[in-house]
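These notes concern the structure reproduced below.
Just so you know, these numbers use all the heavy atoms, side chains as well, and skip hydrogens, waters and symmetry mates.
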Amino acid sequence: MTIEVGSQAPDFELKDNHGRTVRLSEFCGEKNVVLVFYPFAFTGVCTGELCALRDELPRFENEGTQLLAVSNDSIHTLRVFAEQEGLEYPLLSDFWPHGETSRAYGVFDEDKGCAVRGTFVIDKEGVVRWSVVNGLPDARDLNDYVKALEAL
């Protein structure tokens, strides 16, 4: 089951594309978090979504908000993907234990072995204030994220 709006967001500890440890709890009291789960690096829809976030980055990563993107790829794959696409925000690896964080948020597709397209806007207190979950082939609308952030 997907984490419901109004619920406390599950904390996690994942490595980013540079091997640094990132914890959701690091942002509590400091920043809102836009947490974006996507299936795999280097795929068409995922690349399009993540590049759109790159192109609008000041709206999603600034003094009040942190953007975190999570896939089930290894950190090595994510490093190359970020370099190739010019992605400057953290790409987090939910590779091992495989899909643990994706499962905690209810967005892991057991049959496909990857996360579906789930986005969660989490406030500074660590509460999920907005979410959307789309199937693997369905891109999300970034304007919906902006509206959710403006409502905080």
Side-chain angles (χ1 to χ4, degrees), residues 1-4 7-136 139-140 142 145 148-149:
M1 284 219 12
T2 303
I3 295 296
E4 293 183 24
S7 299
Q8 191 71 29
D11 196 14
F12 56 79
E13 180 177 305
L14 297 171
K15 297 281 186 187
D16 74 4
N17 48 305
H18 299 289
R20 296 177 294 225
T21 300
V22 176
R23 292 174 190 83
L24 179 64
S25 56
E26 292 173 3
F27 303 102
C28 280
E30 302 286 323
K31 291 187 174 193
N32 301 308
V33 174
V34 177
L35 183 61
V36 178
F37 289 90
Y38 63 101
F40 294 112
F42 298 107
T43 58
V45 176
C46 295
T47 299
E49 284 188 317
L50 295 176
C51 287
L53 287 165
R54 174 201 65 205
D55 296 345
E56 298 291 330
L57 193 56
R59 299 171 93 180
F60 302 106
E61 190 169 282
N62 51 55
E63 66 278 346
T65 305
Q66 177 65 51
L67 173 62
L68 300 173
V70 180
S71 78
N72 303 114
D73 295 298
S74 73
I75 63 170
H76 310 291
T77 299
L78 295 177
R79 183 176 304 122
V80 173
F81 181 55
E83 288 171 3
Q84 179 178 308
E85 299 300 334
L87 305 175
E88 307 243 341
Y89 51 89
L91 301 182
L92 306 181
S93 174
D94 192 17
F95 183 72
W96 198 258
H98 191 71
E100 182 176 67
T101 299
S102 305
R103 283 183 181 91
Y105 280 80
V107 295
F108 190 78
D109 183 322
E110 296 289 341
D111 293 332
K112 304 281 188 206
C114 65
V116 296
R117 297 180 194 288
T119 303
F120 301 86
V121 172
I122 302 164
D123 70 14
K124 292 177 183 176
E125 287 74 45
V127 176
V128 176
R129 295 297 176 191
W130 180 87
S131 71
V132 64
V133 177
N134 289 1
L136 293 176
R140 295 160 281 196
L142 299 187
Y145 307 1
L149 285 168

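- Side chains of T119 and W130 form a contact here, defined as non-hydrogen atoms less than 4.5 Å apart.
- Of all heavy-atom pairs spanning V107 and G118, the tightest one is CG1-CA, 4.2 Å.
- A distance of 8.0 Å separates CD of E125 from SG of C28, quoted to the nearest 0.5 Å.
- Although no hydrogens or angles enter the test, the distance criterion places no donor-acceptor pair under 3.5 Å between the side chain of D94 and the main chain of V70.
- Residues E61 and Q66 form a side-chain contact, since some pair of their non-hydrogen atoms from C-beta on lies under 4.5 Å apart.
- The closest donor-acceptor contact from the side chain of Y105 to the backbone of P10 lies under 3.5 Å.
- For the ring-ring contact (aromatic ring centres under 6.0 Å, His included) test, residues two or more places apart in sequence or in another chain that qualify with F108 are H98.
- At distances below 3.5 Å, at least one donor-acceptor pair connects side-chain atoms of Q8 with backbone N or O atoms of G126.
- Remark: S102 OG to Y38 OH distance equals 10.5 Å, nearest 0.5 Å.
- Scanning both residues, S93 and I75, for their nearest heavy atoms gives CB-CG2, 3.5 Å.
- For the pair R54 (side chain) and E85 (backbone), a donor-acceptor distance under 3.5 Å is present.
- Within the 4.5 Å cutoff, no side-chain heavy atoms of P90 are placed close to those of R20.
- Pairing each heavy atom of L142 with each of L53, the nearest pair is CD2-CD2, 3.6 Å.
- The list of ring-ring contact (aromatic ring centres under 6.0 Å, His included) pairs with a residue in residues 62-90, not counting sequence neighbours, reads F42-F81.
- Here the CG atom belonging to L24 is positioned 7.0 Å from the CG atom belonging to L35, to the nearest 0.5 angstrom.
- In this structure, D73 contributes its side chain and F40 its backbone to no donor-acceptor pair below 3.5 Å.
- Counting only distance, with no hydrogens or angles, the side chain of D109 and the backbone of A115 share no donor-acceptor pair below 3.5 Å.
- If you take CG on L50 and CG on D55, they are separated by 11.0 Å, rounding to the nearest 0.5 Å.
- L91 approaches A82 most closely through the heavy-atom pair CD1-CB, 3.7 Å.
- N134 contributes no side-chain N or O that, together with a main-chain N or O of R117, makes up a donor-acceptor pair within less than 3.5 Å.
- Panel note: side chain R79, backbone N17; a donor-acceptor pair is recorded below 3.5 Å.
- Look at E26 and K31 and you find no salt bridge, because none of the NZ, NE, NH1 or NH2 atoms lies under 4.0 Å from a carboxylate O.
- Residue-environment remark: CD (E110) exceeds the threshold of 12 foreign heavy atoms within 6.0 Å.
- A 4.5 Å side-chain heavy-atom check between R140 and V36 finds at least one atom pair inside the cut-off.
- Residues L78 and S71 form a side-chain contact, since some pair of their non-hydrogen atoms from C-beta on lies under 4.5 Å apart.
- Nearest heavy-atom pair across C114 and L136 is SG-CD2, 3.9 Å.
- With Y145 as reference, V34 is the one residue of V34, L67, T65 to meet the side chain to side chain contact (heavy atoms under 4.5 Å, CB included) rule.
- Side-chain contact between V22 and F27 is present, with heavy atoms from C-beta onward closer than 4.5 Å.
- The minimum heavy-atom distance linking G106 with T2 is given by the pair O-OG1, 3.4 Å.
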